> 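For reference, the structure I am asking about is given below.
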Number of protein chains: 2
Amino acid sequence: MHPYETIRSEILRRINDQTWPAGYVLPQEEQLAVEFEVARGTVRRALSSLVDAGLIERKRRAGTRVVDRKSHTSTLTIPIVRHEIENAGHHYGYKLLSARICGPEIDEKGIFGDVMLRHILCLHLNDGRPYQLEDRIISIDAIPEAETFDFKSISPNEWLIAKAPYSSVRTILRADCASGNDMKHLRVKAHDPVFIIDRQTSFNKVPLTYARLSHSGDRYQIVTETDEI
Amino acid sequence: MHPYETIRSEILRRINDQTWPAGYVLPQEEQLAVEFEVARGTVRRALSSLVDAGLIERKRRAGTRVVDRKSHTSTLTIPIVRHEIENAGHHYGYKLLSARICGPEIDEKGIFGDVMLRHILCLHLNDGRPYQLEDRIISIDAIPEAETFDFKSISPNEWLIAKAPYSSVRTILRADCASGNDMKHLRVKAHDPVFIIDRQTSFNKVPLTYARLSHSGDRYQIVTETDEI
DNA sequence: AAGTGGTCTAGACCACGTC
DNA sequence: ACGTGGTCTAGACCACTTC
């Protein structure tokens with residue numbers, strides 16, 4: 001155990017103890033450095049880690065305060081669907097359903113502005129059974145290669161990750177009833193629950209792509225684990 | 001813009017450019033320090049930040065490599081339901097439905113082991129309408145105060161965050177059909193989709209509590225935004 | 001204006017993992 | 001065994017923000 005880990009643990013203990021309750025102002029860096037007999041940099045490292053964990057807040061001149069926790073945060077990882085299936089030891093399958101070039105009118109949400117778009121509908125299979133239906137729009141303006149790429153053997157999901165770096169992502173998770181396409185391709189019944197991931201990615205504020213990923217509710221879930229806050 | 005930010009941006013540019021493609025081994029810290037005319041520590045800071053973002057991997061002796069991205073990660077924040085509702089400018093309401101002490105037999109998943117448990121069922125309301133149904137089990141062994149606390153005016157959700165620090169959280173997100181309790185209390189119809197958050201928290205490996213939080217699918221979604229990777 | 005955290009340096013030494 | 005990243009130090013100076 002390195003010094004900064006020891007210091008982190010000790011400070012964490014005092015917070016959990018309520019020795020240092022929510023709102024409490026911690027001693028300043030120099031004082032902690034004296035107490036723990038280390039350099040100021042080592043104290044800073046421990047404190048920075050607690051800032052990242054959301055347990056303390058720091059402001060110049062005002063000092064370091066214990067945060068009053070009002071939420072849980074966890075890191076959500078959404079893997080490429082092919083890896084998700086293969087890592088679980090299953091057989092991955094892919095089927096392109098349609099690929100066309102469209103005008104801006106299919107962009108119902110007005111994300112992309114007045115540009116030509118590529119619209120792809122495809123299905124990801126787990127051991128031959130429908131697993132995820134991918135309904136995707138790509139901005140041809142932002143990614144010109146998307147205009148001619150055929151997506152017959154590589155899914156847009158995977159092609160995009162290799163091709164187009166992104167700088168920001170907006171993800172929405174929700175539960176809904178199966179749509180017409182869901183019923184047809186995911187083989188679920190009307191009113192069956194589906195788990196939907198809506199995702200929109202941009203690069204330097206320019207929208208690149210939008211996807212609606214739907215899954216049969218009884219075959220899909222997202223698990224996240226946060227350890228050792 | 002500080003030097004470490006400039007360096008981070010420049011390295012990021014080279015990765016996005018494919019100047020440094022996936023698998024590429026970066027120059028070592030000392031060399032980058034010479035190139036950018038800064039101290040080694042400043043280079044380390046930029047690189048650490050890219051490690052956190054999941055864009056590079058570092059190993060002693062082997063060096064620093066550009067990662068082959070296989071997943072999206074985003075930070076999921078699940079706020080206390082009362083704050084979520086109030087921050088949206090709505091009126092929060094709370095209703096305790098039942099609170100009882102049970103033996104280990106109600107712990108169907110065998111999370112808690114052979115201990116006495118507190119079981120609470122309660123409802124969170126948004127502008128008077130059912131919003132979230134909370135079905136919660138608390139280990140009396142781990143949190144003795146839970147045995148006698150009545151939860152009549154404070155929800156277990158909120159009480160626990162103030163009372164019991166946790167060190168690890170396991171969260172499962174899924175879509176399902178409404179259960180009997182969901183239909184009764186969330187006022188949804190049979191087969192209506194519900195969004196379920198299953199959450200289990202522990203402190204130093206000791207299980208503290210388990211909750212099933214259900215929401216009507218048409219009134220709930222989770223949004224996450226990741227900026228400036 | 002003054003005090004807090006934030007950035008940077010130059011250097012030493014350590015430890016893990018690959019070669 | 002040895003070269004890479006990892007940790008730590010001691011110090012200087014900066015910049016934000018509250019007093």
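The structure presented is a predicted model; accordingly, all values stated were derived computationally and were not measured. A, B, ... follow the sequence lines: proteins, then strands. Residue 1 opens every chain.
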> Verify, without hydrogens or angle tests, whether A:Arg136 (side chain) and A:Ala211 (backbone) share a donor-acceptor contact under 3.5 angstrom.
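No.
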> Where do N or O atoms of nucleotides 10-15 of chain C meet protein N or O atoms at under 3.5 Å, pair by pair?
| residue | atom | partner | partner atom | Å |
| --- | --- | --- | --- | --- |
| C:dA15 | N3 | B:Arg60 | NE | 3.2 |

> Checking B:His124 now: which residues fulfil side chain to side chain donor-acceptor pair (under 3.5 Å) with it, not counting sequence neighbours?
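Counting only residues at least two positions away or on another chain, B:His124 forms a side chain to side chain donor-acceptor pair (under 3.5 Å) with B:Tyr92, B:Glu134.
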> Please give, in whole Å, the distance from D:dT7 C1' to A:Arg8 CZ?
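Distance check: A:Arg8 CZ to D:dT7 C1' gives 17 Å.
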> Run the ring-centre check on B:Tyr166 versus A:His72 and record whether the distance is less than 6.0 Å.
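Ring-ring flag for B:Tyr166/A:His72: true, centres closer than 6.0 Å.
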> Hey, is the side chain of B:Tyr4 poking within less than 4.0 Å of OP1 or OP2 on C:dT7, counting only N and O atoms?
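For B:Tyr4, the contact criterion (side-chain N or O under 4.0 Å from OP1 or OP2 of C:dT7) is met.
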> Would you mind reading off the distance between A:Met1 atom CE and D:dT7 atom P, rounded to a whole angstrom?
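After rounding, the reported distance stands at 13 Å.
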> Any side-chain donor paired with an acceptor under 3.5 Å for B:Asp135 and B:Tyr210?
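B:Asp135 vs B:Tyr210: no donor-acceptor pair found between side chains.
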> Give B:Arg45 one of three labels, base, sugar-phosphate or nothing, depending on what nucleic acid heavy atoms sit under 4.0 Å from its own.
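It contacts sugar-phosphate atoms only.
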> Counting just side-chain N and O atoms, does A:Thr64 come under 4.0 Å of either OP1 or OP2 of C:dT4?
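False: A:Thr64 side-chain N/O out of range (4.0 Å or more) of C:dT4 OP1/OP2.
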> Measure from CZ on A:Arg65 to P on D:dT18 and round the result to the nearest Å.
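In whole Å, D:dT18 P and A:Arg65 CZ are 11 Å from each other.
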> Judged by each residue's nearest nucleotide on DNA chain C, which is more toward the 5′ side, A:Leu47 or B:Thr42?
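Closer to the 5' end of DNA chain C: A:Leu47.
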> Looking only at side-chain N and O atoms, does B:Arg61 come under 4.0 Å of OP1 or OP2 in C:dC19?
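So the side-chain polar atoms of B:Arg61 never come under 4.0 Å of the phosphate oxygens OP1 or OP2 of C:dC19.
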> Go through the side-chain N and O atoms of B:Glu158 and B:Tyr94 and say whether any donor and acceptor fall under 3.5 Å apart.
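There is no such pair (donor and acceptor under 3.5 Å, judged by atom type) between the side chains of B:Glu158 and B:Tyr94.
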> Between atom CD in A:Glu57 and atom P in C:dG6, what is the gap in whole Å?
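To the nearest whole Å, that distance equals 12 Å.
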> Between residues 20-30 of chain B and DNA chain D, which residues have a heavy-atom gap below 4.0 Å?
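Per residue number, the list reads B:Gln28, B:Glu29.
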> May I have the distance from A:Glu37 (atom CD) to D:dT9 (atom P), rounded to whole angstrom?
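Result: 11 Å.
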> Would you kindly check if the NZ (Lys) or CZ (Arg) of B:Arg14 is within the cone defined by 45 degrees around the ring axis of B:Tyr24 and under 6.0 Å from the six-membered ring centre?
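Negative - B:Arg14 is either too far from the ring of B:Tyr24 or too far off its axis.
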> Between B:Arg44 and D:dG5, is there a contact of a side-chain N or O with OP1 or OP2 at under 4.0 Å?
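False: B:Arg44 side-chain N/O out of range (4.0 Å or more) of D:dG5 OP1/OP2.
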> Do the side chain of B:Arg65 and the main chain of B:Gly23 share a donor and acceptor less than 3.5 angstrom apart?
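Side chain of B:Arg65 to backbone of B:Gly23: a pair is present.
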> Rounding to an integer number of Å, can you tell me how far A:Gln31 CD sits from C:dG3 C1'?
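Atom CD in A:Gln31 sits about 12 Å away from atom C1' in C:dG3.
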> Decide if atom CZ of B:Arg129 counts as having more than 12 heavy atoms of other residues, nucleotides or ligands within a radius under 6.0 Å.
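Result for CZ/B:Arg129: open.
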> Other residues, nucleotides and ligands only: do more than 12 of their heavy atoms fall within 6.0 Å of CG on B:Asp114?
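Open: at most 12 neighbouring heavy atoms sit under 6.0 Å from CG of B:Asp114.
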